[in-house]
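Structure first, then comments.
For clarity, every value in this text was computed on a predicted model and none was experimentally measured.
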Amino acid sequence: MPVTAQQVEFIPLAIYTALAVGLIGVLLAAAYFLGSGRDTPDKHIPYESGVVPTGTARHASQVPFYLIAIFFIVFDVEGSFILTWATAWDLLGIQGLVHITVFVIILMLGLIWLWMKGGLEWGPSAIRMRGKH
C-alpha cells in the first residue's frame, strides 16, 4: 500500500505525539517508583502546605480584588488594541492616529474617574483613616 503525500505530512505529528506520551509515561513511572508511598493522616486534610485548618472555609471574599482584576483586564485589552495599531501605524496614516488618540483619551478619562472614585484603593489609606477620627 503506497504512502500518500498527505500521510507523509502527519509523520512529524505522530512522532511528536509518541514522544509526548512517552515522556508523560516516563515521568509518571518515575513518580510512582521514586515516591515515598507512605500514607499519613496529614495527606487527608483538605488544605495545602501542611497548614492546620482553623475556622470555616466559608468567608466573604474581598470585592476590591475582583474590581482590580476587572480593571486590569480592561486596561490589558487596551494594550492589545494599541499594540495592534502600532504594528500598522504606517498604513493607517493620520486618520488612524486620530482614532487611537481618541481611544486613549477616553480610557485615560475612565482611569482618572476610577482613581477619583477610589476604585484602585485596596486597603486603608492615611487620608481615609484621618477622616474617621
Side-chain angles (χ1 to χ4, degrees):
M1 180 160 148
V3 177
T4 65
Q6 188 177 13
Q7 290 172 335
V8 171
E9 290 178 6
F10 282 112
I11 291 174
L13 179 63
I15 292 171
Y16 178 77
T17 303
L19 286 174
V21 169
L23 177 64
I24 291 170
V26 167
L27 291 175
L28 286 174
Y32 179 77
F33 289 115
L34 298 177
S36 67
R38 287 180 285 144
D39 194 23
T40 63
D42 290 336
K43 286 186 177 181
H44 298 290
I45 295 176
Y47 293 88
E48 295 180 3
S49 303
V51 176
V52 178
T54 58
T56 179
R58 308 284 183 243
H59 66 287
S61 298
Q62 294 180 357
V63 174
F65 171 77
Y66 296 107
L67 289 176
I68 290 184
I70 289 170
F71 301 147
F72 172 76
I73 289 171
V74 167
F75 290 106
D76 192 40
V77 169
E78 169 199 356
S80 67
F81 284 135
I82 292 173
L83 182 65
T84 304
W85 169 80
T87 57
W89 70 272
D90 55 342
L91 301 173
L92 298 173
I94 193 71
Q95 191 175 20
L97 179 63
V98 169
H99 283 105
I100 199 69
T101 303
V102 170
F103 177 72
V104 170
I105 288 172
I106 290 171
L107 282 168
M108 290 282 282
L109 290 173
L111 180 61
I112 291 168
W113 177 83
L114 181 66
W115 195 353
M116 289 174 52
K117 291 292 184 180
L120 300 176
E121 306 268 336
W122 187 302
S125 67
I127 295 171
R128 284 190 289 165
M129 296 305 283
R130 267 189 252 134
K132 290 184 179 181
H133 288 23

Are Ile94 and Phe103 connected in a single hydrophobic cluster, I mean Ile/Leu/Val/Met/Phe/Trp/Tyr linked by side-chain heavy atoms less than 4.5 Å apart?
-> yes
Transitively linked via ILVMFWY side-chain contacts under 4.5 Å: Leu19 with Ile11?
-> yes
From Ile82 atom CD1 to Thr87 atom OG1, the distance as rounded to the nearest 0.5 Å = 12.0 Å
Reported CD1-to-CD1 distance for the pair Ile100 and Ile105, which is rounded to 0.5 angstrom = 11.0 Å
Minimal heavy-atom distance between Phe75 and Leu107, with the atoms involved, is CE2-O, 3.8 Å
Does a sphere of radius 6.0 Å around CD in Gln95 hold more than 12 heavy atoms from other residues, nucleotides or ligands, not counting ones at 6.0 Å or beyond?
-> no
